[in-house]
Amino acid sequence: MLKAEPKTILNFLANHFDSLKDLFDIQSDEGIIRKEQLMQVLSERNDPIETQLIDYKIIRKIGDDFEFRDVYFKLFEFILNEFRPLLPETIQKYEQSIGKLFSKIREGIKGDNLILKNRIDDLNNEIREFSEAVEKNTIRLLAETRELKSNVEKLDYKEKVRKASFWIDYYIIPLNNILDINHAESITNKLFDISQYVNVRRLNFNDENIRLQFEKLYNFLVMTNDNLLRQSKLLTNELLPLIERIRTESIILTGWIEFLKQPYKSTVPKIFKPERYYPYSNDMYLNAKEYLEQFVTDENILMEDPVANSDKWVFNKELYKDRMLQQLPIDSFFDWCGLTLRSEYKDIETDKFFALTGLLFEDDIFLELDEKEPDRKLIKTSQMTLRVPKIKILKYGIS
Amino acid sequence: MEFPRYHKDIVSDLMGGKFILASDPKFVSLKESEDFYAKFFRESFAYELEVKTDFAFILSYETGEQLSRDICLFFAVLSFELDKDGKNFLEEIQYAEFEMDKIDEYFQNSSYAELILNNNQMKDSFSRKQFFTTLNRRNIIEKTAENKFTFTQAYKVFVDFAADFAKGKLSVAGVD
């Protein structure tokens with residue numbers, strides 16, 4: 001029975017993580033945490049948590065010393081991505097358990113469905129544990145071999161070869177034998193046999209629940225086989241040629257390998273970051289305009305010279321009316337119009353001529369059509385020749 | 001006032017985050033007027049001009065950290081994979097022409113798969129192509145064909161960083 005709520009324990013792990021990490025490192029290196037080591041860590045960290053560590057069942061006493069309970073040790077391994085290397089003979093045990101469960105499933109395929117279901121579940125678990133053990137070992141071996149390649153500790157070549165040979169002989173080659181699909185006795189080969197059998201059963205077993213169990217196991221096996229194949233490739237390409245690979249050394253490569261351990265925590269070289277344009281910046285209006293204009297559909301635009309307003313003639317009615325009144329009576333109104341315009345301009349422009357003829361319609365003008373002259377008079381303007389009657393202007397108003 | 005030759009291009013290249021390379025005629029003009037440009041960028045924008053033997057760039061207080069980290073990750077994985085492939089990675093970066101298909105092969109089979117898949121610039125072939133476009137725009141790589149490129153001298157910024165990083169680690173480990 002735990003003396004604390006689950007959330008309290010999780011908070012405790014977070015709040016005292018640094019001390020726990022130190023203790024985890026000690027156990028990873030030495031397999032046990034001696035009492036004096038525990039006291040030293042807690043005193044250095046000024047973190048007196050020995051009682052809670054025991055009460056919350058995070059560590060347990062082994063004689064005078066301590067060790068993490070397995071579930072917490074595995075939790076730390078997982079979140080720190082630092083796994084204890086398992087000897088291949090430890091992993092090999094899965095060959096037996098997987099093989100035994102598989103043969104029991106085959107033998108009891110026509111027996112009790114409940115025990116068959118439990119055996120399938122157990123087989124699933126064993127395969128998962130095996131696959132995770134292989135993956136953890138590969139991660140650890142990759143870390144160890146990168147460490148050798150990086151050689152931050154500046155081991156001499158002889159020492160590097162000795163370490164590399166150790167990893168190759170005791171871990172890499174045996175693990176490769178477990179995974180090598182071409183090796184008749186490899187577990188990977190056994191898993192392929194199992195997946196073939198399960199593939200058939202998931203389709204033709206008469207009980208639907210068991211069929212679904214086989215289906216689940218089959219999907220998991222497909223995923224596991226892919227993963228194991230990937231691990232096997234890593235072993236072949238990266239770990240087996242280790243001796244060859246540690247022959248060369250480069251400070252730059254050391255830097256990159258160290259950087260890749262925690263790439264998001266390291267400072268990186270400065271490179272220029274071009275300025276961003278904010279909506280309130282002075283350049284924003286023109287930049288946005290330029291950007292949007294590229295999406296506007298092109299249309300044909302005709303450019304014309306603007307008509308100069310200064311050239312436009314404006315008819316000054318009052319001026320011409322006064323002139324006309326001063327010259328009354330006028331024998332021929334249209335001749336008068338022509339003469340008036342010619343006195344001012346070189347040609348009689350049609351527009352000007354018509355504007356002037358508008359004076360005929362002024363109120364209080366007394367006019368007379370000369371009927372004695374039936375022939376119309378000809379007035380030549382700049383654009384046409386007009387035939388007009390002879391009209392007299394006799395007087396204006398009462399006068 | 002008379003400005004150095006290529007003044008407008010020099011300013012717009014540097015302000016666009018480009019490295020100006022020694023092979024570029026602008027570099028000569030920039031180098032000849034280094035004092036002028038150092039003062040120009042400092043007084044106008046508070047940027048620092050860095051002129052190296054074979055390339056130049058500017059730096060601001062605010063830097064493109066994410067891009068720089070992605071570039072470091074790219075160089076780190078590529079160097080590691082080239083070395084694993086039995087090649088002299090530095091010579092390859094200095095002189096070789098890279099095919100994007102080969103880069104894809106290295107990254108797809110890398111043991112740093114988890115890091116690669118979690119990085120938006122490197123997670124797949126398409127992302128890497130876009131990333132190369134950025135590198136090309138910044139003059140860190142030079143495209144020699146649709147699917148080929150070489151590194152420019154700007155690679156030195158990142159390789160020097162790796163060497164300094166290693167020296168830092170070596171000194172922490174107590175090794176001279």
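As a basis for the values below, the full set of heavy atoms in this structure was taken, side chains included, without hydrogen atoms, waters or symmetry mates. Bear in mind the structure is a predicted one, so any value in this text is a computation, not a measurement. The sequence lines fix the lettering, A, B, ..., with proteins before strands; numbering per chain opens at 1.
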Who among P269(A), S266(A), P263(A) has the most heavy-atom pairs with chain B under 4.5 Å?
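Of the candidates given, the most pairs with chain B belong to P269(A).
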
Name the region of [X], side chain, backbone, both or neither, that has any atom closer than 4.5 Å to a heavy atom of chain A.
{"X": "F75(B)", "answer": "both"}
{"X": "F80(B)", "answer": "both"}
{"X": "L14(B)", "answer": "backbone"}
{"X": "F89(B)", "answer": "side chain"}

Do [X] and [Y] make the cut of ring centroids closer than 6.0 angstrom?
{"X": "F57(B)", "Y": "F272(A)", "answer": "no"}
{"X": "F74(B)", "Y": "F107(B)", "answer": "yes"}
{"X": "Y72(A)", "Y": "F24(A)", "answer": "no"}

Checking heavy atoms, do the side chain of [X], its backbone, both or neither come under 4.5 Å from chain B?
{"X": "L234(A)", "result": "side chain"}
{"X": "T138(A)", "result": "neither"}
{"X": "S250(A)", "result": "side chain"}
{"X": "K270(A)", "result": "both"}
{"X": "I251(A)", "result": "both"}

Any idea which of [options] has the most non-hydrogen atom pairs under 4.5 angstrom with chain A?
{"options": "A76(B), G86(B), A166(B), G16(B)", "value": "A76(B)"}
{"options": "G17(B), A163(B), S111(B)", "value": "S111(B)"}
{"options": "C72(B), A113(B), S60(B)", "value": "C72(B)"}

Any chance you could lay out the salt bridge (Lys or Arg N to Asp or Glu O under 4.0 Å) test for E159(A) and K163(A), step after step, and finish with the verdict?
CA-CA 6 Å; E159(A) 182 60 12; K163(A) 276 200 166 187; 5.5 Å; no

Less than 6.0 angstrom from the centroid, inside 45 degrees of the normal: does [X] satisfy that with respect to the ring of [Y]?
{"X": "K8(B)", "Y": "Y6(B)", "value": "no"}
{"X": "R146(A)", "Y": "Y112(B)", "value": "yes"}
{"X": "R128(A)", "Y": "F220(A)", "value": "yes"}

Under a plain distance cut-off of 3.5 Å, with no hydrogens placed, do T152(B) and E142(B) share a side-chain donor-acceptor pair?
no

Lys/Arg N to Asp/Glu carboxylate O, K149(A) vs E144(A), below 4.0 Å:
no

